[in-house]
> 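Below: one structure in structure tokens.
Heavy-atom basis, side chains included; hydrogens, waters and symmetry copies ignored.
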Amino acid sequence: MPLATIAEDPVDNVRTLWHDLTSTMAAVQPGDVSFAATGPVTRAVSFDFGRIVAGHTAFTLHAPAGTTIDILYREAPDTTPEAAEHHAPRTGARYIARGRDDTYVAQDINGLRWINMIITVPEAGTVRLSELRVREYLSQPTGNSYFRSSDPELDKLYLAGIRTVALNSLDAYVDCPTREQRSWVGDAVVHQMVNLTTSADWRLPHWYIELANSPRPDGILPMSVVGDLEHSQGFTIPEWSLYWIHGLHNIYRYSADRDTLTAAAPTARRILEWFVPYLTDGGVLANLPEWTLTDWSSIFLNGESSIDTAFWAAELLEYAEIAEFLGNAGDASWAQAQHDRVRGGYEAFWDEKRGTYIDHIVDGAPQPAASQIAGALAIISGLVPAHRTPRIIDWISNQARQVTRSWIGGDGTYDEEKIARQIKGDRHVDWNPETQTVVAQPFASFLVHDAYAKAQRPDLVLSSIRRWSTFLQDGWDTFGECWGWGTPAHGWSSTPTRDLIQHIAGVTPAEPGFTHAKISPAYGTIDRLEARTPTPYGNIEITLSGNNVTVNSPIPFTLVDVDGRATNYLPGQL
């Protein structure tokens, strides 16, 4: 193609010219690209790194002075009009050759799999672009943790979660390396849990709490911190602040760092108080303002919300534990009293016929939707009579009634029509809410897995996390944002890695600060596993072979055997 007009924006230039230039072009692996230009010419080149990478792009260039390299970083393989909608990454760069000693190193961090380039040569000469690379800039896990088993699928899932979180661990946790790189207050709780169970370096888990501890004047947290969304001082996502409190409780459990807990506890109390004005006379949360969101799945949060009520109740209990630990008996008592207040009103969400809790009640009328998240949060919240738990588990785990839906995406991408309807409050139900249940998207699935574990059903955790293998096809080694759509490396989707340690190997803190461990392996779910996970005092190692367990622990631990008997052991090897 002869010399093309160069758009002012390098990203726009690539997108504008790409389709016409690539009809006969083949993608190449990163390396050397060279060609001889007999006159002014514009060429397109695509580089495939084979996986998502994140860091500083660099290359060396030999080309006539004035040669322009326009770069577009991509998570998808092309920039056809269908793929170039506004949710796609729009990051890139322009380099103009001086004609000698041309070397480019990007100062910003970009996530990508493909690099699309438009090379515009103003005159005859030889062009050679070499040593194209991405110098990754990530906070990698440290130490020597592992999960190895007789099931290669599980081993692959464990490593994929570590890689996905690493790609979203820059100077802070971010949602994805390719599209946004925003520090969303809710998303990062999964990153944190993966790091706590797989890395000896717990600075980022603590930094997550400190960085997000930036409340608005009314006490609630911004939905994203240290960026444009917090700066705009606009609306927030109330549920994201509840996820942050859960992250604070994770710190309480794993490190019990008093400085972190003491600094953050007042913010947690003010967050919980923020919800109080939205309690009905019956004691449940109703019609929360701003952007209500627990997950991208098609759940209902309007009207009287069982989901928001149970989530708030769960965090009241977690805050009560933290307050008690810090010697603040008054706050602990307040939180417990609020939880007791909710218990009576929450009964209105119980559906005796189906044996689960519905999503919501509108104008006094119970609505039919009964999502997987509603049932899971009911169990986690401590509001459910114990005898109901098996029925709820049956409802939320039965694959025959499960459907996958989202209000804003599907069929491989964000859905602009769905988004427009969702903004207007128009939620189109294309499943039978009486007989089917909407499953959680990858993010909130950690709540579902925690409910399974609380019900002593690790077998359901194991069968559920196998679904994440759908992300690991065609060479991909990271977990995507949602089921069938979204970005291909989203940290909030990495719960299988945490689950394999906490719920399958069964290693969790039994006392604040991990001074005592509980080890309750998932007997009968897997032939053999070996795992090593960090504590503040060194690694715990466990091997499970059939029903036989060996443990090497630097701290006292309680081992639960195959018959459910719990025995305490001193530090050492068993």
Side-chain angles (χ1 to χ4, degrees), residues 6-15 17-18 21-22 25-37 41-79 88-122 125-140 163-164 166-172 174 176-181 475-478 487-489:
I6 298 177
E8 182 177 351
D9 186 322
V11 169
D12 288 341
N13 198 47
V14 177
R15 289 182 133 166
L17 299 176
W18 191 257
L21 286 168
T22 57
M25 185 205 72
V28 298
Q29 298 298 321
D32 294 354
V33 170
S34 62
F35 60 89
V41 67
T42 301
R43 292 280 186 91
V45 183
S46 176
F47 301 92
D48 181 3
F49 283 77
R51 68 195 303 213
I52 296 293
V53 294
H56 303 285
T57 303
F59 60 80
T60 300
L61 179 66
H62 173 83
T67 296
T68 300
I69 310 292
D70 280 340
I71 302 169
L72 173 60
Y73 302 116
R74 297 292 298 171
E75 61 181 27
D78 58 37
T79 55
R90 289 189 54 87
T91 54
R94 171 172 289 161
Y95 183 82
I96 302 175
R98 74 183 92 184
R100 58 178 176 78
D101 302 322
D102 283 300
T103 300
Y104 172 73
V105 180
Q107 298 305 301
D108 52 342
I109 299 169
N110 288 286
L112 58 103
R113 174 169 171 175
W114 286 268
I115 292 180
N116 293 345
M117 288 185 181
I118 298 294
I119 303 176
T120 304
V121 189
T126 300
V127 176
R128 183 170 67 253
L129 189 147
S130 59
E131 299 179 312
L132 176 66
R133 59 206 179 276
V134 173
R135 299 173 179 174
E136 287 206 317
Y137 183 89
L138 310 173
S139 296
Q140 299 280 6
R163 173 65 180 172
T164 306
L167 285 165
N168 290 279
S169 300
L170 308 178
D171 294 323
V174 297
C176 56
T178 54
R179 190 183 68 221
E180 291 186 46
Q181 296 185 18
W476 292 96
D477 63 354
T478 51
T487 59

> Can you confirm whether D70 sits close enough to T120 that some side-chain heavy atom of one is under 4.5 Å from a side-chain heavy atom of the other?
no
> With side chain to side chain contact (heavy atoms under 4.5 Å, CB included) as the test, pick out the partner of L72 among R90, R15, M117.
R15
> Would you compute the distance between atom OG of S139 and atom CG of L170 and round it to the nearest 0.5 angstrom?
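Between S139 OG and L170 CG, I get 7.0 Å after rounding to 0.5 Å.
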> Do I118 and W18 touch side chain to side chain, with heavy atoms closer than 4.5 Å?
yes
> Report the C-alpha separation of R94 and D9 in whole Å, then their side-chain angles, then the decisive distance to 0.1 Å, and conclude whether the salt bridge (Lys or Arg N to Asp or Glu O under 4.0 Å) test is met.
CA-CA 8 Å; R94 171 172 289 161; D9 186 322; over 6 Å; no
> Atom CD in E136, atom NE2 in H56: separation rounded to 0.5 Å?
10.5 Å
> Can you find a heavy atom in the side chain of L129 that is under 4.5 Å from one in the side chain of F47?
yes
> Could you check whether any side-chain heavy atom of V105 comes within less than 4.5 Å of a side-chain heavy atom of R135, counting everything from C-beta outward?
yes
> I want to check something: taking the side chain as every heavy atom from C-beta on, are V11 and T91 in contact at a cut-off of under 4.5 Å?
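Heavy-atom side-chain distance check fails, nothing below 4.5 Å.
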> So do Y104 and I69 actually touch side chain to side chain, heavy atoms under 4.5 Å?
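No - every pair of side-chain heavy atoms lies 4.5 Å or more apart.
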> Within a radius of less than 6.0 Å around OH of Y137, do more than 12 heavy atoms belonging to other residues, nucleotides or ligands occur?
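No, the 6.0 Å shell around OH holds no more than 12 heavy atoms from other groups.
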> Which of these, T67, I71, T103, D102, sits in a side chain to side chain contact (heavy atoms under 4.5 Å, CB included) with Y95?
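Of the listed options, the one satisfying the test is D102.
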> Answer yes or no: is there a side-chain heavy-atom contact under 4.5 Å between L132 and F49?
yes
